[in-house]
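The structure appears right after this line, and notes come after that.
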Amino acid sequence: AAKQAGGARLARFDETLRAEQSERARIAAGLRQALLDDSLFMHYQPVVDTATGRIQGMEALMRWRRGDEIVPPGVFIPVAEQTGLIGALGTRALRLACARAAGWYRVHGLYLTVNVSTHQLRDPGFADGVREILAETGLPPTALVLEITESVLVDAADTSVLATLRADGVRIAIDDFGTGYSSLAYLHTLPVDILKIDQSFIRRHQDPPNPQDVSLTRAILELARSRGLVAVAEGVETQVQADLLRQLRCPLVQGYHFGRPCAAEAIDALLEQAARIPAV
Ligand code: C2E
Ligand code: MG
Ligand code: MG
Ligand code: MG
């Protein structure tokens with residue numbers, strides 16, 4: 001009986017694996033098609049200065065419309081990475097975002113921050129591709145930040161690509177800081193400017209904040225400061241969290257409390273409105 005049950009479990013496992021493979025294949029085919037039409041687009045989330053309450057930058061987040069649904073990047077980015085489509089997707093994302101952000105930079109002085117997969121860095125043409133898009137869209141390199149997720153291993157070649165762009169004035173951010181295996185080691189090996197504290201650290205802060213969680217966040221902020229890095233707290237959802245981060249002098253914040261990611265048109269409206277309201 002035990003053997004039979006094991007067999008059944010194995011069959012089910014097989015089935016799950018097959019279902020996952022075919023879902024992956026379906027997503028990959030959909031992404032190939034999406035590169036030919038306009039179903040890939042960007043949402044933007046404000047990055048806010050805690051001292052002034054002003055918007056300083058925008059993070060571009062990729063979206064994919066498949067029929068009536070919007071597929072989240074957490075689903076399609078990994079498939080794009082596995083199938084080699086990430087290069088084309090990343091280029092599309094960067095071009096769309098830079099084109100939009102050039103206007104936001106000109107009028108409001110905002111910077112743009114774009115997520116980059118380490119797979120993209122392995123493309124020998126990556127740095128030139130970024131330069132080309134900047135020249136094409138008119139966004140100055142100093143107004144661009146590239147976010148590298150910290151959990152992924154970054155090797156010497158990746159580091160030299162980042163250093164090349166950094167010499168142009170592009171800034172580099174470590175995304176999801178604190179979730180990877182070698183957070184601290186990365187601060188030494190990567191040429192970075194910005195440290196984005198992962199949402200999991202921010203989410204811990206309830207009302208009232210627990211002293212242990214507060215000291216953890218404070219330690220990360222001190223680490224950033226001591227290395228000359230600008231810290232950004234991600235996933236700020238409540239007033240308590242916002243107040244705490246301001247008290248701890250975390251320079252920049254992002255999260256639903258300040259604004260959900262939304263379409264470029266909604267950002268235009270938001271910026272117009274913000275320009276009319278004096279900063280707090
Ligand atoms: P990320 O770069 O860490 O982006 C932050 C994620 O948290 C976004 O999810 C954003 O919508 C979400 N978020 C923002 N504020 C809050 C909040 O207050 N509460 C909560 N619960 N969530 C919040 P999203 O858009 O689903 O993106 C997920 C991940 O997909 C990103 O994480 C990034 O790593 C990746 N990604 C998104 N766009 C791109 C892209 O163009 N290229 C690449 N390579 N990766 C991308
Ligand atoms: Mg990011
Ligand atoms: Mg990321
Ligand atoms: Mg993040």
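We count ligands from 1, going down the list as the structure has it; atoms in each ligand are counted the same way. These numbers were taken from a predicted model, which means no experiment stands behind them. Counting from 1, the numbers follow the sequence of the chain as shown. Computation of the quantities below employed the complete heavy-atom set of this structure, encompassing side-chain atoms and omitting hydrogens, waters and symmetry-equivalent molecules.
Arg18 has no carboxylate O lying under 4.0 Å from a charged side-chain N of Glu23, or vice versa, which leaves the two without a salt bridge. Between Asp193 and Arg171, no side-chain nitrogen of the basic residue sits less than 4.0 Å from a carboxylate oxygen of the acidic one, so the salt-bridge criterion is not met. Between Arg65 and Asp38, no side-chain nitrogen of the basic residue sits less than 4.0 Å from a carboxylate oxygen of the acidic one, so the salt-bridge criterion is not met. In this structure, Arg95 pairs ionically with Glu136, as a charged nitrogen and a carboxylate oxygen lie closer than 4.0 Å. The pair Glu222-Arg249 fails the salt-bridge criterion, with no side-chain N (NZ, NE, NH1 or NH2) lying under 4.0 Å from an Asp/Glu carboxylate O.
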Inset, instruction - Give the intermediate values and the outcome of side-chain contact (heavy atoms from CB on, under 4.5 Å) for residues Ile133 and Thr91. - result: CA-CA 9 Å; Ile133 290 172; Thr91 302; 4.0 Å; yes
Inset, instruction - With ring-ring contact (aromatic ring centres under 6.0 Å, His included) as the test, would you mind laying out the steps for Tyr111 and Trp104 before giving the verdict? - result: CA-CA 8 Å; Tyr111 72 85; Trp104 294 334; over 10 Å; no
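Contact analysis leaves Gln254 out of contact with ligand 1, as no non-hydrogen atom separation drops below 4.0 angstrom. Within the structure, ligand 1 has Gly235 among the residues with a heavy atom less than 4.0 angstrom away. For Glu81, the closest heavy-atom approach to ligand 1 does not fall below 4.0 Å. For Arg203, the heavy-atom gap to ligand 1 stays at 4.0 angstrom or more.
In Phe126, the CZ atom is crowded: over 12 heavy atoms of neighbouring residues, nucleotides or ligands sit closer than 6.0 Å. A 6.0 Å sphere centred on CD of Gln212 holds no more than 12 heavy atoms belonging to other residues, nucleotides or ligands.
Set against the non-hydrogen atoms of Gln199, the atoms of ligand 1 under 4.0 Å away are 5 (C), 6 (C), 7 (O), 12 (C), 13 (N), 20 (C), 21 (N), 22 (N), 23 (C). The contact set between ligand 1 and Ser117, taken as ligand atoms under 4.0 Å from a residue heavy atom, comprises 44 (N). Using a 4.0 Å cut-off to heavy atoms of Gly255, the atoms of ligand 1 that qualify are 15 (N), 18 (O).
The proximity of Gln45 to ligand 1, defined as any non-hydrogen pair under 4.0 Å, is limited to the side chain. Contacts with ligand 1 closer than 4.0 Å are made by no heavy atom of His257, backbone or side chain. At a heavy-atom cutoff of 4.0 Å, ligand 1 is contacted by the side chain of Arg63 but not by its backbone. When heavy-atom distances to ligand 1 are checked against a 4.0 Å cut-off, His43 has no atom that comes that close, whether in backbone or side chain. Counting heavy atoms closer than 4.0 Å to ligand 1, residue Lys196 contributes nothing at all. Looking at Val114 against ligand 1, nothing comes within 4.0 Å, counting heavy atoms.
Within the 3.5 Å criterion, the main-chain N or O of His205 finds a donor-acceptor partner in the side chain of Gln241. A donor-acceptor contact shorter than 3.5 Å is absent between the side chain of Asp128 and the backbone of Gly125. Looking at Glu272, its side chain never comes within 3.5 Å of a backbone N or O of Ala269 through a donor-acceptor pair.
The residue from Ile86, Thr238, Val236, Asn115 that puts a heavy atom closest to atom 39 (C) of ligand 1 is Asn115. Nearest to atom 37 (C) of ligand 1 by heavy atom, out of Pro73, Pro261, Pro78, Gly74, is Pro73. The heavy atom nearest to atom 34 (O) of ligand 1, considering only Leu40, Ile202, Thr149, is found in Thr149.
Using modelled atom types and a 3.5 Å distance limit, the side chains of Gln206 and Asn210 yield no donor-acceptor pair. For the residue pair Glu59 / Asn115, a side-chain donor-acceptor distance below 3.5 Å is found, with atom types taken as modelled.
Vertex the Mg ion (ligand 2); arms to Glu147 atom OE1 and Asp175 atom OD2; angle 90° (nearest 10°). Here the angle centred on the Mg ion (ligand 2), running from OE2 of Glu59 over to OD1 of Asn115, is 100°, rounded to 10°.
Annotation: Glu237 places an N or O atom under 3.5 Å from an N or O atom of ligand 1; distance criterion only. Backbone and side-chain nitrogen or oxygen atoms of Asp175 are examined, and one is located within less than 3.5 angstrom of a nitrogen or oxygen of ligand 1.
Taking 2.8 Å as the criterion, Thr113 does not count as a coordinating residue of the Mg ion (ligand 2), since none of its N, O or S atoms falls below it. The nearest N, O or S atom of Glu234 is not closer to the Mg ion (ligand 2) than 2.8 Å. Distances from the Mg ion (ligand 2) show that Asp176 has no N/O/S atom below 2.8 Å.
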